[in-house]
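Input: one structure, supplied below.
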Amino acid sequence: MTDLASALSAANAAVFATLGLDARHAEVRRSDRPDLAEFQCNGALAAAKAAGKKPLELAGEIAAAWDNTGLAAKPTIAGPGFLNFTVSANALTLRAQAIAEDARAGASLVARKRRVIVDYGGPNVAKGMHVGHLRASIIGESIKRVFRFRGDEVWGDAHFGDWGFQMGLMITAIEDELGGLADAPKLDARLQGLSLDYLEAAYPAAAAKAREDVAFRDRARKATAALQAGAEPHRTIWKAMHDVSMAAQKRDFASLGVDFDLWLGESDADPLIPEMVRDLESKGLLEEDQGARIVRVAGPGERKKKKLDDGTVIEVESPDPLLVISSEGSAMYGTTDLATIVQRVRDQQPDLILYVVDQRQADHFEQVYRAAAKAGYIAREALEHTGFGTMNGSDGKPFKTRAGGVLKLGDLIGQAEEKARARLREAEIGADFTTEEFEDVAHKVAIAAIKFADLSNFRGTSYVFDLDRFMSFEGKTGPYLLYQAVRIKSVMRTA
RNA sequence: GCGCCCAUAGCUCAACUGGAUAGAGCACCCGCCUUCUAAGCGGGCGGUUGCAGGUUCGAGUCCUGCUGGGCGCGCCA
């Protein structure tokens with residue numbers, strides 16, 4: 001099945017060919033001026049330029065060469081040489097019937113099926129889902145669904161942040177809280193009572209302490225390296241934190257309507273790191289630098305100026321090298337990202353990996369992608385960072401609560417649901433519903449408002465989160481869209 | 001300092017990759033509920049596309065230079 005624009009383009013291309021014109025210029029598309037015609041082709045202008053002819057004259061020749069195919073009448077000419085097409089009633093009817101009978105509503109499939117991994121969501125085990133994860137989750141889920149609908153084989157991967165310095169921080173925080181990790185029963189009791197709420201409260205405190213207290217930071221770095229080396233009880237503590245967090249975050253994702261095929265994380269790539277490091281070594285890519293081990297990814301002549309803390313400006317390679325092993329011997333996030341590519345190539349053989357992550361990490365991904373290509377793990381073109389802007393508060397800064405903390409995802413959804421309930425009551429809708437039905441509708445309206453608002457904004461820029469505007473039942477909003485769908489169903493029912 | 005991104009109606013955003021008269025929603029003004037969900041519908045008002053040049057038959061779109069804003073620049077992720 002082909003859509004009308006494609007059918008017109010094909011017919012127009014044939015006409016162009018008979019006149020010896022480049023068929024690339026024959027594309028027919030929906031008209032900018034629906035008052036004049038349904039479809040248009042601007043190619044006569046470009047073709048005239050290439051042929052050294054007058055646009056209007058050439059457009060006339062093209063129009064004259066058209067047969068009445070049953071698809072559309074001969075195009076009319078307007079302006080400097082636009083071709084305007086009006087589709088026949090019969091062609092319209094056939095197309096409408098075809099769409100109605102097609103399970104895919106006329107959407108075409110990709111010419112060649114690809115294997116695609118969409119890496120999105122990316123929750124941090126120690127942080128819990130907050131508004132910052134909203135865009136990654138919503139955009140990533142949508143991209144995954146679109147690719148899948150288009151016929152590609154797609155895996156969504158949550159890629160949990162469960163292997164970095166934050167894990168060492170938490171282990172050290174627990175060590176200090178318990179006065180050491182030697183007392184097994186005491187530790188066991190602590191881990192039994194572990195909750196995501198605890199992690200969320202303890203993590204910022206530990207992170208702040210690490211910034212102030214150098215000794216604490218060094219112990220946390222050592223704990224990170226120890227965990228990654230498989231030490232106990234580090235491993236046990238990590239497992240407890242991981243499991244508690246995973247369970248809670250699965251609930252959050254579920255309430256957003258977000259689901260993954262792979263619930264993997266940074267830690268799952270860890271077993272591949274030693275061999276990957278040996279491989280990088282054997283390829284001569286690993287270099288010692290200031291006690292750390294790095295892979296240089298800048299090409300010849302790629303330099304940038306860089307301002308140091310003391311104000312002096314030096315020239316260095318650009319992009320920065322990828323830090324593979326810290327001076328403490330631990331893996332960094334670039335390390336796990338690289339190892340994850342190795343893992344994905346091994347397990348899914350992807351043609352394309354999309355990273356739906358905050359735009360601010362663009363430089364980081366460029367480093368990782370270059371390193372992966374340099375090591376021969378995957379083609380650079382198979383890796384793409386689908387960056388997006390932040391969700392800001394009314395002050396234009398990344399969203400915070402009034403108290404200055406991050407707003408938890410669950411609380412945000414709760415606020416939207418409360419607003420939805422109020423609007424439903426105002427409109428006296430659902431008064432005859434059971435409590436369960438009413439709550440279900442309120443939840444759906446709330447999620448629709450949030451998702452639609454996010455997706456209707458340009459991905460690359462930040463936007464201001466304004467719940468009142470998003471929850472409005474008037475205008476370009478999720479609730480309005482839901483209302484239209486419900487209304488159409490009502491019409492169909494009573495038709 | 002260097003790099004990336006952004007700037008369009010009072011506000012939030014489009015503009016199909018260089019085409020015709022730059023479009024929607026909100027807000028504001030006017031008009032529509034005895035029949036499908038008024039959570040709605042129709043109409044009106046609103047523009048030197050940040051500034052200055054350039055390329056082109058044609059520029060919001062491409063190039064150059066400015067101005068203003070966001071973000072990033074090794075041992076956090």
Self-check item: Any Asn457(A) side-chain nitrogen or oxygen under 4.0 Å from OP1 or OP2 of C13(B)
Solution: yes
Quiz item: Base, sugar-phosphate alone, or nothing: which one does Leu424(A) contact when heavy atoms must sit under 4.0 Å apart?
Solution: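 Base contact.
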Quiz item: Taking NE2 from His364(A) and P from G74(B), how many angstroms apart are they, rounded to a whole number?
Solution: 13 Å
Self-check item: Steps toward side-chain contact (heavy atoms from CB on, under 4.5 Å) verdict (Arg344(A), Asp119(A))
Solution: CA-CA 11 Å; Arg344(A) 286 170 177 167; Asp119(A) 180 323; 2.9 Å; yes
Quiz item: Distance only, no hydrogens: is a donor on one side chain within 3.5 Å (strictly under) of an acceptor on the other, for Arg150(A) and Ser108(A)?
Solution: yes
Quiz item: Salt bridge check: are Glu328(A) and Lys222(A) linked by an N-O gap of less than 4.0 Å?
Solution: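 Result for this pair is yes, salt bridge flagged.
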Quiz item: Contact class for Pro55(A) (heavy atom, under 4.0 Å): base, sugar-phosphate, or nothing?
Solution: nothing
Practice problem: Can you check whether any acceptor in the base of A77(B) is under 3.5 Å from a donor in the side chain of Glu266(A), or vice versa? | Solution: no
Quiz item: Hey, does Gln367(A) reach any base, or is it just sugar-phosphate, or nothing, if we go heavy atoms under 4.0 Å?
Solution: nothing
Quiz item: 5'-most contact on RNA chain B: Ser326(A) or Ala362(A), nearest heavy atom basis?
Solution: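 Final value for this comparison: Ala362(A).
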Self-check item: Ion pair check, Asp243(A) and Lys239(A), cut-off under 4.0 Å
Solution: yes
Quiz item: Hey, is the side chain of Arg487(A) poking within less than 4.0 Å of OP1 or OP2 on A38(B), counting only N and O atoms?
Solution: yes
Quiz item: Separation of Arg293(A) atom CZ from G74(B) atom P, in whole Å?
Solution: 21 Å
Quiz item: Taking atom P of U17(B) as reference, at what distance in whole Å does atom NE2 of His25(A) sit?
Solution: 13 Å
Exercise. Can you tell me the distance, in whole Å, between the CG atom of Asp358(A) and the P atom of C6(B)?
Key: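 The answer, rounded to whole Å, is 15 Å.
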Quiz item: Taking the same atom, C1', in C73(B) and in G19(B), what whole-Å distance lies between them?
Solution: 41 Å
Practice problem: Measure the distance between the ring centre of Phe82(A) and the centre of the six-membered base ring of A20(B), then answer whether it is under 5.5 Å with planes under 30°. | Solution: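 Taking the rule of under 5.5 Å and under 30°, the ring of Phe82(A) does stack on A20(B).
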Quiz item: Which way is the base of C33(B) turned, syn or anti, if we draw the line at 90° from 0?
Solution: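 Chi for C33(B) falls in the syn range.
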Quiz item: When we call it a touch if two heavy atoms are under 4.0 Å apart, what does Thr461(A) touch: a base, just sugar-phosphate, or nothing?
Solution: sugar-phosphate
Quiz item: Please, what dot-bracket string fits RNA chain B when only Watson-Crick and G-U pairs with both distances under 3.5 Å count, crossing ones use [ ] and pairs to another strand use |?
Solution: (((((.(..((((.....[...)))).(((((.......))))).....(((((..]....)))))).)))))....
Quiz item: Lys476(A) side chain: which of C13(B), C41(B), G19(B) is closest?
Solution: C13(B)
Quiz prompt | Under 4.0 angstrom between Tyr463(A) side-chain N/O and C6(B) OP1 or OP2 | solution =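 False: Tyr463(A) side-chain N/O out of range (4.0 Å or more) of C6(B) OP1/OP2.
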Practice problem: Grab the two heavy atoms, one from Asp162(A) and one from Trp238(A), that are nearest each other, plus how far apart they are. | Solution: O-NE1, 2.8 Å
Practice problem: Report yes if a side-chain nitrogen or oxygen of Arg360(A) is closer than 4.0 Å to either non-bridging phosphate oxygen (OP1 or OP2) of C4(B); otherwise report no. | Solution: no
Quiz item: Touch check for Gln290(A), heavy atoms < 4.0 angstrom, all strands: base, sugar-phosphate only, or nothing?
Solution: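 The residue Gln290(A) makes base contact.
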Exercise. Pick base, sugar-phosphate or nothing for Gly79(A), based on heavy-atom distances below 4.0 Å to the nucleic acid.
Key: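 Touches nothing.
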Exercise. Classify the angle between the aromatic ring planes of Phe260(A) and Phe253(A) as parallel (below 30°), tilted (30 to 60°) or perpendicular (above 60°).
Key: perpendicular
Quiz item: Can you tell me how far OG1 of Thr335(A) sits from CG of Leu272(A), rounded to the nearest 0.5 angstrom?
Solution: 13.0 Å
Quiz item: Base, sugar-phosphate, or nothing: which does Arg303(A) touch, judged by heavy atoms less than 4.0 Å apart?
Solution: nothing
Practice problem: Look at the side chain of Gln166(A) and decide which nucleotide, out of C41(B), G72(B), A77(B), has an atom nearest to it. | Solution: A77(B)
Quiz item: Which of parallel (below 30°), tilted (30 to 60°) and perpendicular (above 60°) describes Trp263(A) and Phe160(A)?
Solution: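 Ring orientation of Trp263(A) relative to Phe160(A): tilted.
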Quiz item: Looking only at atom P, what distance separates G60(B) and U48(B), rounded to whole Å?
Solution: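 Looking at atom P only, G60(B) and U48(B) are 13 Å apart.
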Practice problem: Indicate syn or anti for U61(B), taking the glycosidic torsion and treating anything within 90° of 0 as syn. | Solution: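 Anti, since the glycosidic angle lies more than 90° from 0.
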Exercise. With heavy atoms under 4.0 Å as the rule, sort Asn124(A) into base, sugar-phosphate or nothing.
Key: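 The residue Asn124(A) makes no contact with any strand.
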Quiz item: If you take all heavy atoms of Arg135(A) and Asn457(A), which pair is closest and at what distance?
Solution: NH2-O, 4.2 Å
Practice problem: Establish whether the base of A20(B) is bridged to the side chain of Asn84(A) by a donor-acceptor pair shorter than 3.5 Å. | Solution: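 Looking at the base of A20(B), it does pair with a donor or acceptor on the side chain of Asn84(A) (distance under 3.5 Å).
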